[in-house]
Protein chains: 2
Amino acid sequence: MATGRTHRPATRSRGIPEATVARLPLYLRALTALSERSVPTVSSEELAAAAGVNSAKLRKDFSYLGSYGTRGVGYDVEYLVYQISRELGLTQDWPVVIVGIGNLGAALANYGGFASRGFRVAALIDADPAMAGKPVAGIPVQHTDDLEKIIQDNGVSIGVIATPAGAAQQVCDRLVGAGVTSILNFAPTVLSVPDGVDVRKVDLSIELQILAFHEQRKAGEEAMESLAEGLPATAKGSTDQGPDGDVPAVMPA
Amino acid sequence: MATGRTHRPATRSRGIPEATVARLPLYLRALTALSERSVPTVSSEELAAAAGVNSAKLRKDFSYLGSYGTRGVGYDVEYLVYQISRELGLTQDWPVVIVGIGNLGAALANYGGFASRGFRVAALIDADPAMAGKPVAGIPVQHTDDLEKIIQDNGVSIGVIATPAGAAQQVCDRLVGAGVTSILNFAPTVLSVPDGVDVRKVDLSIELQILAFHEQRKAGEEAMESLAEGLPATAKGSTDQGPDGDVPAVMPA
DNA sequence: CAATCTTTGTGCACGCGTTCACAAAGACAT
DNA sequence: ATGTCTTTGTGAACGCGTGCACAAAGATTG
């Protein structure tokens, strides 16, 4: 639908690739740790190891931001912390609302990671009237009826959805209608939003299923290896129950 | 295509691209919803819309699993649910342990998404002796000292880490040492694991920072536009005030 | 000041994933 | 049975991200 209409270059304003943007927070975290230990400079090799990435990738990532390193020395930690923070927009204050104060929503409200860097929980919103006024993480929960007013009064542009799946799209529509343009979705649903609104999803169930796939594959390979060599299962495969009984079909060449 | 052997869909356990695997849970969710509505068949176009992806991508994804569709008709919902479930390893039971029963860990334990498909919370583990024995989500919390025994007794191969960042690597090492080969990490740290162990991370802070980046970029573009056109900044994003105008997800044919 | 050493920044090639576009396959109507 | 219509399955082209390998840049030493 509407393909080829307004060609919108996603990350064209600065030309920073999306993959790079996704790694910047990782670098920032590693750099912050170094900064707290008063380390003045760091090489791409060291920093890459701390962030769990390839050093060439890290250097290329930084090259998109500019030339902030010194050859023969490395990168100035403090300077880089500042540059990345600025690039990510963390030098300003981001008021955030959390909608859906159940188990997960409450946990998110209590999570320290919010306040740490530029993000501030401006309001908690729930549809349950019984929750209204009740403080969670020191913040009184407000009712969904006031959602639009809360968004506008606080200048909120980032919303977190932690409602049940059934309510997510409706909440999303109201958030977007009230001016929110970035949404972090914890509900297990695909949200549809108009152009210009960013959605990122965090889905426990999906992550587990991906792990299960690889786990099954590992178990299958392991079973086939011991089958092929006629070896009994070694220490590792203590739980190779195959209730499925289905041996993956891999044709030996 | 591929090997002419009708032996079986040759590209089974091997050769499924990672990107495809990551989308299978999405398809499965959409298909399950259709199944509950007793929809017998679905076209790639409809299913793709429901899953929020491109229809060509969906067809290619399914082609890696085998030829499960009927040209001119579409895909049989029930059959596809079964095939994807099997491929993802959801036909078997996956006992899972959650380590770190703080706000987040407790929320995860209560999360319904676990029990729904093949995953079962086998144990909750925390380092705080005061927590020991206390039930969370109907499951008594056990102490970290017994971690290895718990893993082995329950045949656990998937672990969830919801501890503070400082404890994550240590917990990870013990999990891996006890036989866990898949880890879902909620702690804001890079975990290092030996080969053969899969780690997926869920990091609220990183997601927010990525959103902030795009948010800042949008604000910058908007400011530049209104600057260029000499327009005063109006109520943010007010151009698109169609709150209910857009029908979500399912498109009428 | 010149030589050497360290580390950055990047051109290039490669592989993966996405998308297009269309022939083949099957359902359905006549 | 034949033709038409719908939808799949996939070859091919393209673009993005990754990693190698190395020249350039600057620090450091004698």
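Since this is a predicted model, take the numbers as computed values, not measurements. Quick note: numbers below take in every heavy atom, side chains included, and nothing from hydrogens, waters or symmetry partners. All chains are named by letter (A, B, ...) in the order of the sequence lines, taking the proteins before the strands, and each is independently numbered beginning at 1.
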Keeping the roles fixed (side chain from B/K201, backbone from B/V190), state whether a donor-acceptor pair exists under 3.5 Å. no
From CZ of B/R59 over to C1' of D/dT7, roughly how many Å is that when rounded to an integer? 7 Å
Return the value, rounded to whole Å, for the distance between atom CD of B/E18 and atom C1' of D/dC16. 18 Å
Roughly how far apart are B/I161 CD1 and B/Q169 CD, rounded to 0.5 Å? 8.0 Å
Counting only side-chain nitrogens and oxygens, does A/R23 get under 4.0 Å of the OP1 or OP2 atom of D/dT18? yes
Identify the heavy atoms of B/E87 and A/Q216 that sit nearest to each other, and give their distance. O-NE2, 2.9 Å
Give the rounded distance in Å between these two atoms: CG of B/L58 and P of C/dT18. 12 Å
Taking the side chain of B/K57 as its heavy atoms from C-beta onward, which of C/dT18, D/dG17, C/dG17 lies nearest to it? C/dT18
Base of D/dT7, side chain of B/R71 - is there a donor-acceptor contact under 3.5 Å? no
With ring-ring contact (aromatic ring centres under 6.0 Å, His included) as the test, pick out the partner of A/Y75 among A/Y27, A/F62, A/Y82. A/F62
Any A/T70 side-chain N or O less than 4.0 Å from OP1/OP2 of D/dG26: no
So what does A/S67 hit on the nucleic acid, given a heavy-atom distance under 4.0 Å: a base, only sugar-phosphate, or nothing? sugar-phosphate
Atom pair distance, as rounded to whole Å: CG in A/D61 and P in D/dT18: 7 Å
What is the distance, to the nearest angstrom, from the CD atom on A/E46 to the P atom on C/dT7? 8 Å
What does B/Y75 touch in the nucleic acid at a heavy-atom separation under 4.0 angstrom: a base, only the sugar-phosphate, or nothing? sugar-phosphate
A/A19 or B/S43, whichever maps to the more 5' nucleotide of DNA chain D: B/S43
Rounded interatomic separation in angstrom, taking CG from B/D76 and P from D/dT7: 16 Å
Whether A/K60 contacts C/dT10 is assessed here as follows: a side-chain N or O lying under 4.0 Å from the phosphate OP1 or OP2. Is that the case? no
Is the shortest side-chain N to carboxylate O distance from B/D203 to A/R29 below 4.0 Å? yes
Mapping B/G69 and A/V73 onto DNA chain D by nearest heavy atom, which one lands closer to the 5' end? B/G69
Return the value, rounded to whole Å, for the distance between atom CZ of B/F62 and atom P of C/dG17. 17 Å
